[in-house]
Student: 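To start, I am sharing the structure in question, which I have written as structure tokens.
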Amino acid sequence: MTIVDLTSMGEPQTDLKKELNARLTKLQDEISDFCFQCGKCTSGCEAHKLLELEPHKIVALLKRGLLNELVNSDIIWTCMSCMKCRERCPQRVAPVDILFGLKNMAVASGKEIPGKYTGMLQSILSMGLIQDIQQATTRTNKTVKRDELGLPPLSKPVDVTKFHAGIMKIAMDKV
Amino acid sequence: MTMKKKYAIFPGCLMPTEQYAYELSIREIIPLLGIEIVDLEGFSCCGEPMKSVNQFLTLYLSARNLAIAEKDNLDVFVPCAMCHLALSECQHVFENNPEMKKRINGLLAAENLTYTNKRQIVHTVDLLHDHIGLETIQQHVKKPLKGLKITAHYGCHLIRPSEIGRPVDSENPQKIEAILTAIGAEPTTCPQKLDCCGAPLLTNLPESALTKTGQKLQAIQEQGIHGMVDVCPWCHKMFDNRQTKAGETVAAKLAVPVLYLPQLIGLAFGLSPDALGLDLNLSPVEKLQQKEEA
Ligand code: SF4
Ligand code: SF4
């Protein structure tokens, strides 16, 4: 499997997209009943001051059916997933989960994924973890790795082919 | 003789591939406190770093890891706050969504795995505070950290969302403070206590991530707090490893000693700084040690 299968609009993604769409539609329906635009989510939002994310507006836009606009915007990628909005919303709307849904949708639609997500995903596919053993720098500018520190071997998937098969199914199946 | 309680350690990605100080200090102090740590083969990423890309993948990976621990009938000790959230959320989904549970288990069959949702999941903070207990911790203190004003950073993923059950309170967590008192330090709170470390943005907006880190550290520095403890490899990577860079984003020269909680506990236990991986902290931890000696 290549990264394309998991992240592009290729044939296997159709079902995943459908599922995501169902999820977002459900969120859309539910929030139109519950969110009363009090703005509490935005007042505590970690990404608000720094990056102008306004979770209550994300909810309002979704409520109005501007799904495509949201999926294609950069703002959905500024969320720090601090979950304060989910914790504090008096109506249990959870803007953070809407944002995750929107980002997933962007990926499933073949939009370019920002930053290092692709690299991390590739690493998970090839060895199970987001990165392999790194050299750490000490205060005296020496470099060390885990075995030199007497730490036990790294736990990672033993049979990578089998591990792959499982993940492959997520890309292919409806999950 | 009572049997030692055993936990499978779920290391995740970041701690075992670069945040060695956390792992070293955990492996020093936890067995001393009567808990046996068991290493298992075959774990993968918890899935949380992929949540923005594909939430099903996150869920699948979390369930896969829990299933591995289940094979050995062990409860799971998860030192990373992000991993802890992912695994807890998986457990929550499995409890409330039997259909999803069935589907994920169907996929896990490819690796001959299955998860029935029976594992207990603990993090460093509740393992120390609830399961080991303050009294036991206190009994091991050889060098109480008198006069050290320390502030606690819990990390967003550890405290929220309370709806799925988190090890500490979401708005006023106090367990680290209680542990700090037990080792003789002076827990010091600050208005920025619940502020995010910035790490989740490291992936796509590194500059903003560091600004977030810098802002919090600057506030702590200005309040004359002697140091900070954290309990998540992502938070620590920001506050300790990247402190100098974070300072540049807020035009401040930052010098806040940042330690993993188990490192500070280890110092109070009289363990050697080397064994606790203190050599790997890049923030000015020597400032704390000097204070301690003074
Ligand atoms: S806090 Fe909840 S109800 Fe209030 S605006 Fe935000 S999402 Fe809507
Ligand atoms: S989870 Fe995202 S949207 Fe919600 S408060 Fe935090 S940064 Fe803002």
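Since this is a predicted model, take the numbers as computed values, not measurements.
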Student: Give, as side chain, backbone, both or neither, the part of A:Ile130 having an atom under 4.5 angstrom from any heavy atom of chain B.
Tutor: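 Interface part for A:Ile130: both.
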
Student: Given heavy-atom pairs under 4.5 angstrom as the criterion, report whether the side chain, backbone, both or neither of A:Thr78 touches chain B.
Tutor: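 Both parts, backbone and side chain.
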
Student: Can you give me the closest heavy-atom contact between B:Ala69 and B:Val76, atom names plus distance?
Tutor: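 Smallest heavy-atom distance, with atoms named: CB-CG2, 3.6 Å.
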
Student: Under a 4.5 Å heavy-atom cut-off, does chain A meet the side chain of B:Ser283, its backbone, both or neither?
Tutor: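 Contact with chain A is through the backbone of B:Ser283 alone.
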
Student: Among residues 17-24 of chain B, which residues come closer than 4.5 Å to chain A, judged by heavy atom distances?
Tutor: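 Checking residues 17-24 of chain B against chain A gives B:Thr17, B:Glu18, B:Tyr20, B:Glu23, B:Leu24.
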
Student: Return the option, out of A:Leu102, A:Leu50, A:Leu20, with the maximum number of heavy-atom pairs under 4.5 Å with chain B.
Tutor: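 Of A:Leu102, A:Leu50, A:Leu20, A:Leu50 has the most heavy-atom pairs under 4.5 Å with chain B.
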
Student: Indicate whether any N or O donor in one side chain lies under 3.5 Å from an N or O acceptor in the other, for B:Thr213 and B:Arg242.
Tutor: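 Result is no, nothing qualifies.
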
Student: Of all heavy-atom pairs between A:Val59 and A:Gln37, which one has the smallest distance, and what is that distance?
Tutor: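 The answer is CB-NE2, 4.4 Å.
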
Student: In terms of relative ring orientation, are A:Trp77 and A:Tyr117 parallel, tilted or perpendicular, with 30° and 60° separating the classes?
Tutor: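 Geometry flag for A:Tyr117 against A:Trp77: tilted rings.
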
Student: How long is the span from the CD atom in B:Glu48 to the OG atom in A:Ser81, to the nearest 0.5 Å?
Tutor: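 It is 7.0 Å, given to the nearest 0.5 Å.
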
Student: Test side-chain contact (heavy atoms from CB on, under 4.5 Å) on B:Glu70 and B:Leu113; report intermediate values, then the result.
Tutor: CA-CA 9 Å; B:Glu70 185 164 284; B:Leu113 291 169; over 6 Å; no

Student: Salt bridge or not for A:Arg64 and A:Glu69, using N-O below 4.0 Å?
Tutor: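 The answer is no: the pair does not qualify as a salt bridge.
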
Student: Which region of B:Leu201, side chain (C-beta onward) or backbone (N, CA, C, O), has a non-hydrogen atom less than 4.5 Å from a non-hydrogen atom of chain A, or is it both or neither?
Tutor: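 Contact with chain A is through the side chain of B:Leu201 alone.
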
Student: Which answer fits B:Asn112, side chain, backbone, both or neither, if we ask what part of it has an atom under 4.5 Å from a heavy atom of chain A?
Tutor: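 For B:Asn112, the contact with chain A is made by the side chain alone.
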
Student: For B:Pro11 and A:Ser155, which heavy atoms make the closest approach, and how far apart are they?
Tutor: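 In terms of heavy atoms, the two residues are closest at CG-CB, 4.4 Å.
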
Student: Report the option among B:Asn241, B:Leu59, B:Val285, B:Ile9 that has the most heavy-atom pairs separated by less than 4.5 Å from atoms of chain A.
Tutor: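 Of the candidates given, the most pairs with chain A belong to B:Val285.
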
Student: Could you look at B:Leu278 and say if it's the side chain, the backbone, both or neither that has a heavy atom under 4.5 Å from chain A?
Tutor: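 Looking at B:Leu278, just its backbone touches chain A.
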
Student: What's the separation between atom CD in B:Gln218 and atom CD in B:Gln215, rounded to the nearest 0.5 Å?
Tutor: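 The CD atom of B:Gln215 is 8.0 Å from CD of B:Gln218, to the nearest 0.5 Å.
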
Student: Heavy-atom cut-off 4.5 Å, strictly under: side chain, backbone, both or neither for A:Glu87 against chain B?
Tutor: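 Only the side chain of A:Glu87 comes within 4.5 Å of chain B.
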
Student: Write down the atom of B:Leu259, the atom of B:Gln263, and the distance for their closest heavy-atom approach.
Tutor: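 So the two residues come closest at CA-OE1, 3.6 Å.
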
Student: Where on B:Leu40 is there a heavy atom nearer than 4.5 Å to chain A: the side chain, the backbone, both, or neither?
Tutor: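 Looking at B:Leu40, just its backbone touches chain A.
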
Student: Of the listed residues (B:Cys197, B:Ser162, B:Ala110), which shares the most heavy-atom pairs with chain A below a 4.5 Å separation?
Tutor: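 Counting heavy-atom pairs under 4.5 Å, the top option is B:Ser162.
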
Student: Using the side-chain contact (heavy atoms from CB on, under 4.5 Å) rule, take B:Val258 and B:Gln243 through it: C-alpha gap first, then chi angles, then the decisive distance, then the call.
Tutor: CA-CA 9 Å; B:Val258 180; B:Gln243 187 170 128; 3.7 Å; yes

Student: Which pair of heavy atoms, one from B:Lys216 and one from B:Gln192, lies closest together, and at what distance?
Tutor: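 Scanning both residues, the minimum pair turns out to be NZ-O, 2.9 Å.
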
Student: Are A:Thr42 and A:His56 linked by a side-chain donor-acceptor pair shorter than 3.5 Å?
Tutor: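 Looking only at side-chain atoms, A:His56 and A:Thr42 do form a donor-acceptor pair, the distance falling under 3.5 Å.
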
Student: Among B:Lys212, B:Glu171, B:His157, which has the most heavy-atom pairs under 4.5 Å with chain A?
Tutor: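 Counting heavy-atom pairs under 4.5 Å, the top option is B:Lys212.
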
Student: Which answer fits A:Lys84, side chain, backbone, both or neither, if we ask what part of it has an atom under 4.5 Å from a heavy atom of chain B?
Tutor: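 Contact with chain B: backbone and side chain both.
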
Student: Return the option, out of A:Gln134, A:Lys116, A:Lys145, with the maximum number of heavy-atom pairs under 4.5 Å with chain B.
Tutor: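 The candidate making the most pairs under 4.5 Å is A:Gln134.
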
Student: In residues 88-97 of chain A, which residues are in contact with chain B at a heavy-atom separation under 4.5 Å?
Tutor: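 Checking residues 88-97 of chain A against chain B gives A:Arg88, A:Arg92.
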
Student: Mind checking the SG-CZ spacing from B:Cys156 to B:Arg166? Nearest 0.5 Å is all I need.
Tutor: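 Going from SG on B:Cys156 over to CZ on B:Arg166, the span is 11.0 Å.
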
Student: Does B:Phe94 form a side-chain contact (heavy atoms from CB on, under 4.5 Å) with B:Leu66? I'd like the steps, not just the answer.
Tutor: CA-CA 11 Å; B:Phe94 269 42; B:Leu66 286 167; over 6 Å; no

Student: Nearest 0.5 Å, please: how far is CD1 in B:Ile30 from CZ in B:Arg27?
Tutor: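 Separation between the atoms: 11.0 Å.
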
Student: Please look at B:Asp279 and chain A and tell me whether the side chain, the backbone, both or neither of the residue comes under 4.5 angstrom of a heavy atom of that chain.
Tutor: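 For B:Asp279, the contact with chain A is made by backbone and side chain together.
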
Student: Go through B:His236 and B:Asn281 one step at a time and tell me if the side-chain contact (heavy atoms from CB on, under 4.5 Å) criterion holds.
Tutor: CA-CA 9 Å; B:His236 191 81; B:Asn281 295 51; 3.8 Å; yes

Student: Of the non-hydrogen atoms in B:Lys287 and B:Pro257, which two are nearest, and what is the gap between them?
Tutor: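 Smallest interatomic distance, heavy atoms only, reads CB-CG, 4.0 Å.
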
Student: Counting heavy-atom pairs under 4.5 Å to chain B, which of A:Gly115, A:Gly44, A:Cys79 comes out on top?
Tutor: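 The candidate making the most pairs under 4.5 Å is A:Gly115.
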
Student: Heavy-atom cut-off 4.5 Å, strictly under: side chain, backbone, both or neither for A:Arg86 against chain B?
Tutor: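 Side chain of A:Arg86 only, per the 4.5 Å heavy-atom cut-off to chain B.
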
Student: First locate atom OG of B:Ser62, then atom CG of B:Leu57, and finally report the distance between them rounded to the nearest 0.5 Å.
Tutor: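 If I round to the nearest 0.5 Å, the distance is 9.5 Å.
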
Student: Hey, what do you get for OG1 (B:Thr58) to CG (A:Asn104), rounding to the nearest 0.5 Å?
Tutor: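 One gets 7.5 Å once the value is rounded to the nearest 0.5 Å.
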
Student: Looking at A:Met127, A:Arg146, A:Lys103, A:Lys162, which one has more heavy-atom pairs under 4.5 Å with chain B than the rest?
Tutor: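 Of the candidates given, the most pairs with chain B belong to A:Arg146.
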
Student: Check each atom of A:Ile124 against the heavy atoms of chain B and say whether the ones under 4.5 Å are side chain, backbone, both or neither.
Tutor: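 Only the side chain of A:Ile124 comes within 4.5 Å of chain B.
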
Student: Please look at B:Leu280 and chain A and tell me whether the side chain, the backbone, both or neither of the residue comes under 4.5 angstrom of a heavy atom of that chain.
Tutor: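 For B:Leu280, the contact with chain A is made by backbone and side chain together.
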
Student: Given heavy-atom pairs under 4.5 angstrom as the criterion, report whether the side chain, backbone, both or neither of B:Ile37 touches chain A.
Tutor: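 The answer is neither part of B:Ile37.
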
